[in-house]
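Each chain gets a letter, A, B and so on, in the order its sequence line appears, and its residues count up from 1.
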Amino acid sequence: MRLAKTPERKVWAENYSDWFHKILSEVPVYDTRYPVKGTGIWTPFGFKLRKGVIEIIRDELEKANHEEVLFPLLIPDYMLGKEGDHIKKFDDEVYWVTHGGRDLLDVKLALRPTSETAIYPMFQLWVNAYSDLPIRIFQIVNIFRYETKATRPMIRVREVSTFKEAHTAHATREDAENQVQDGIAIYSRIFERLRIPFFKSIRPEWDKFPGAEYSVAFDTILPDGKVLQIGTVHFLGQGFAKAFDIKYMTANGGYEYVWQTCYGISERAIAALISTHGDDNGMNLPSNVAPVQAVIIPIVYKGKEEDVLKKCNEVKGILTSAGIRTAVDDRKEITPGNKYFAWELKGTPVRIELGPRDIEAATAVLVRRDLLQKTVVPISAIAEGTKKLLASVDEALGERSKKWMAERLTKVTSLDDLQKTLDSKGGIVEVPWCGGRGCGEEMEAKMNARILGTPYHDEMVVECSQSCVFCGKDATKAIRIARSY
RNA sequence: GGGGCCGUAGUCUAGCUUGGACCAGGAUGCAAGCCUGGGGCGCUUGUGAUCCCGGGUUCAAAUCCCGGCGGCCCCA
């Protein structure tokens with residue numbers, strides 16, 4: 001018997017792009033062979049994984065008093081164009097429906113690139129009085145953006161198939177800013193449940209959401225050291241409210257515009273989930289999103305098939321009643337070793353091997369996916385043993401990803417070190433910065449990197465004695481820079 | 001935004017430079033049978049390709065040219 005070793009992360013780290021494509025197609029999670037650029041197909045397995053992630057998102061939003069809705073895909077051009085900054089940004093990225101059958105449409109219809117301009121005209125109708133506020137809604141839909149850069153499965157697509165967008169309206173600035181805090185807290189909980197590590201940054205002025213006053217973004221780091229934005233929370237102020245005339249009547253009979261926020265998460269979160277926990281054997285899924293949490297592999301010898309399979313199904317019954325999503329891989333055509341590889345690729349957190357030797361001893365062999373370590377557990381304690389192991393795998397995945405990412409946040413104070421760090425280990429680099437837009441944009445160009453923004457709240461680290469890493473003026477804040485997707 | 005590489009069975013790939021001996025070769029997968037079975041066994045047989053699409057050049061195109069669609073990589 002060959003001993004299994006803890007999987008390496010060599011290909012994962014050094015050839016991440018290949019690794020990711022391979023996972024998507026071999027598991028399979030997401031089929032990219034559909035002949036329209038920037039689109040893809042969620043396979044049955046991928047769909048289950050996606051569903052698991054969506055359920056966590058939905059759960060956190062609903063617990064925080066958000067209600068789910070569904071708005072139309074089509075947005076008339078005059079609505080899309082109402083808020084000036086917003087349309088300026090999205091104008092180049094919109095798909096237009098121009099025909100109905102053979103007739104040219106009188107009003108062009110956009111495929112939503114995001115839904116502010118679809119939702120807010122309805123807010124205008126829904127909001128009359130103070131008592132109509134706050135509104136907290138969300139929807140999970142597809143959106144379309146005509147990306148001109150090279151597309152990349154799940155990470156840069158033209159049809160974002162899994163876009164959760166929340167939209168809120170409030171009576172006061174304070175309420176809305178509190179909602180921003182809530183949104184950030186909700187997202188933090190979502191990513192923590194997925195064990196995806198993140199840094200929060202306030203995006204620079206020139207990179208905030210078009211139409212927003214400010215944007216707070218969640219970024220993670222992929223195995224190749226490049227940064228991926230996985231969520232954003234925006235404070236919209238009253239810009240959209242004024243553009244869409246969303247007002248409520250105040251106590252003294254006057255009218256006041258509402259204050260708004262919106263926040264979004266896409267399937268990039270799923271790309272991050274797959275990438276963050278992966279290794280050279282495939283995925284590692286946290287148990288809460290793993291379509292199968294424990295797979296039982298029968299070790300079948302000739303003449304004993306019946307006994308072994310019977311036992312496997314019995315154990316499956318025990319685990320299922322204990323609330324563990326369990327499968328028995330009873331395929332006869334392939335050998336156990338083959339099955340191990342297949343289920344490891346899929347990221348199944350726990351494998352249970354059950355053969356004649358185990359049945360004899362009334363035990364089972366439990367193998368954790370992340371480390372491929374084996375433990376022998378009595379069948380009488382199989383449910384507790386599996387649960388404990390699942391928890392332990394979850395814990396370990398969280399610790400590993402958190403540690404990995406913490407190691408990729410570097411703080412330097414010179415331009416030279418900034419360049420070197422970006423070129424060698426990538427990740428996020430924090431430097432003192434003067435706060436000037438011109439300086440920032442020049443630095444982005446020179447470093448061939450993106451300014452992610454300033455650390456959000458608790459992560460603030462600026463020391464005022466330092467000078468701007470780029471222009472040398474007094475630094476007013478720390479800024480994060482990274483190569484990004 | 002700029003540049004490069006590429007598209008051949010489900011997947012990966014040989015062939016393309018120098019057009020013909022390629023009704024396209026291999027591996028893997030898939031199916032059946034045997035042998036096996038605690039980490040991708042082996043053997044036999046079978047299956048599977050509008051050579052991405054359209055046009056052009058030519059006696060002759062997977063191969064050369066043009067356009068389109070699609071994919072990957074690098075740089076700004």
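Residues satisfying the side chain to side chain donor-acceptor pair (under 3.5 Å) criterion with Thr276(A), sequence neighbours excluded, are absent altogether. Phe144(A) is linked by a ring pair (Phe, Tyr, Trp, His ring centres under 6.0 Å) to nothing, counting only residues two or more places apart in sequence or in another chain.
Electrostatic pairing of Lys311(A) and Glu314(A) counts as a salt bridge here, judged by a charged N lying under 4.0 Å from a carboxylate O. Under the 4.0 Å criterion applied to side-chain N and carboxylate O atoms, Lys37(A) and Glu147(A) are not assigned as salt-bridge partners. Note on Asp224(A) versus Lys226(A): no salt bridge recorded, every NZ/NE/NH1/NH2 to OD/OE distance being 4.0 Å or above. One finds a salt bridge joining Lys88(A) and Asp85(A) here, because a Lys/Arg side-chain nitrogen approaches an Asp/Glu carboxylate oxygen to under 4.0 Å.
Atom P of nucleotide rG37(B) and atom CG of Asp358(A) are separated by 16 Å, given to the nearest angstrom. The separation between Ile297(A) atom CD1 and rG40(B) atom P is 14 Å, rounded to whole Å. For the pair Lys22(A) NZ and rU13(B) P, the interatomic distance rounds to 14 Å; values are reported in whole Å. Atom pair Phe341(A):CZ and rG39(B):P shows a separation of 10 Å (rounding to whole Å applied). For Arg331(A) and rA32(B), the CZ to C1' distance is 18 Å, given to the nearest whole Å. One atom, CD of Glu305(A), and another, P of rU36(B), lie 13 Å apart when rounded to the nearest Å. Here the P atom of nucleotide rU28(B) and the CD atom of Glu26(A) are 15 Å apart, to the nearest Å. Atom CD of Glu333(A) and atom C1' of rC41(B) are 16 Å apart (whole Å).
Here Arg483(A) lies out of heavy-atom contact (under 4.0 Å) with every strand. Nucleic acid contact class of Glu344(A) (heavy atoms, under 4.0 Å, all strands): base.
Rounded to the nearest Å, the gap between the P atom of rG19(B) and that of rA60(B) is 15 Å. Between rU63(B) and rG20(B), the two C1' atoms lie 11 Å apart (nearest whole Å). Look at the P atom in both rA49(B) and rC41(B): the space between them is 27 Å, to the nearest Å. Distance check on atom C1': rU8(B) versus rC52(B) gives 10 Å, rounded to whole Å. Only the P atoms considered, rA27(B) is 15 Å distant from rA14(B), to the nearest whole Å. The C1' atoms of rG67(B) and rG1(B) are separated by 23 Å, rounded to the nearest whole Å. Rounded to the nearest Å, the gap between the P atom of rA9(B) and that of rG48(B) is 15 Å. Taking atom C1' in both rC53(B) and rA61(B), one finds a spacing of 16 Å when rounded to whole Å.
Comparing rG1(B), rG38(B), rC41(B) against the side chain of Thr148(A) picks out rG1(B) as the nearest.
When atom types are taken as modelled, the side chain of Trp12(A) and the backbone of Ser275(A) share a donor-acceptor pair closer than 3.5 angstrom. With hydrogens and angles disregarded, no donor-acceptor distance shorter than 3.5 Å links the side chain of Arg112(A) to the backbone of Ile143(A). For Thr326(A) (side chain) and Ile324(A) (main-chain N/O), a donor-acceptor pair under 3.5 Å exists by modelled atom type.
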Check nucleotides 45-47 of chain B for protein N or O atoms closer than 3.5 Å to its own N or O atoms and list the pairs.
none

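For the pair Arg268(A) and Ile155(A), the minimum side-chain heavy-atom distance is below 4.5 Å.
Classified by interplanar angle (parallel below 30°, tilted 30° to 60°, perpendicular above 60°), the ring pair Phe191(A)/Phe198(A) is tilted.
Remark: Arg33(A) is in phosphate contact with rU11(B), judged by side-chain N or O atoms under 4.0 Å from OP1 or OP2.
Heavy-atom nearest nucleotides on RNA chain B were determined for Pro356(A) and for Asn338(A), and the one closer to the 5' end corresponds to Pro356(A).
Counted within 6.0 Å of OH on Tyr485(A), heavy atoms from surrounding residues, nucleotides or ligands total more than 12; the atom is thus considered enclosed.
Residue pairs meeting the salt bridge (Lys or Arg N to Asp or Glu O under 4.0 Å) criterion with at least one partner in residues 6-23 of chain A, sequence neighbours excluded, do not occur; the list is empty.
Secondary-structure stems of RNA chain B, taken as three or more successive Watson-Crick or G-U wobble pairs (i with j, i+1 with j-1) under a 3.5 Å distance threshold, comprise B:1-7 with B:69-75, B:10-13 with B:25-28, B:29-34 with B:42-47, B:52-56 with B:64-68.
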Quick tally for nucleotides 70-76 of chain B: nucleotides whose base has a protein heavy atom under 4.0 Å get B, sugar-phosphate-only ones S, the rest -, giving SSSS--S

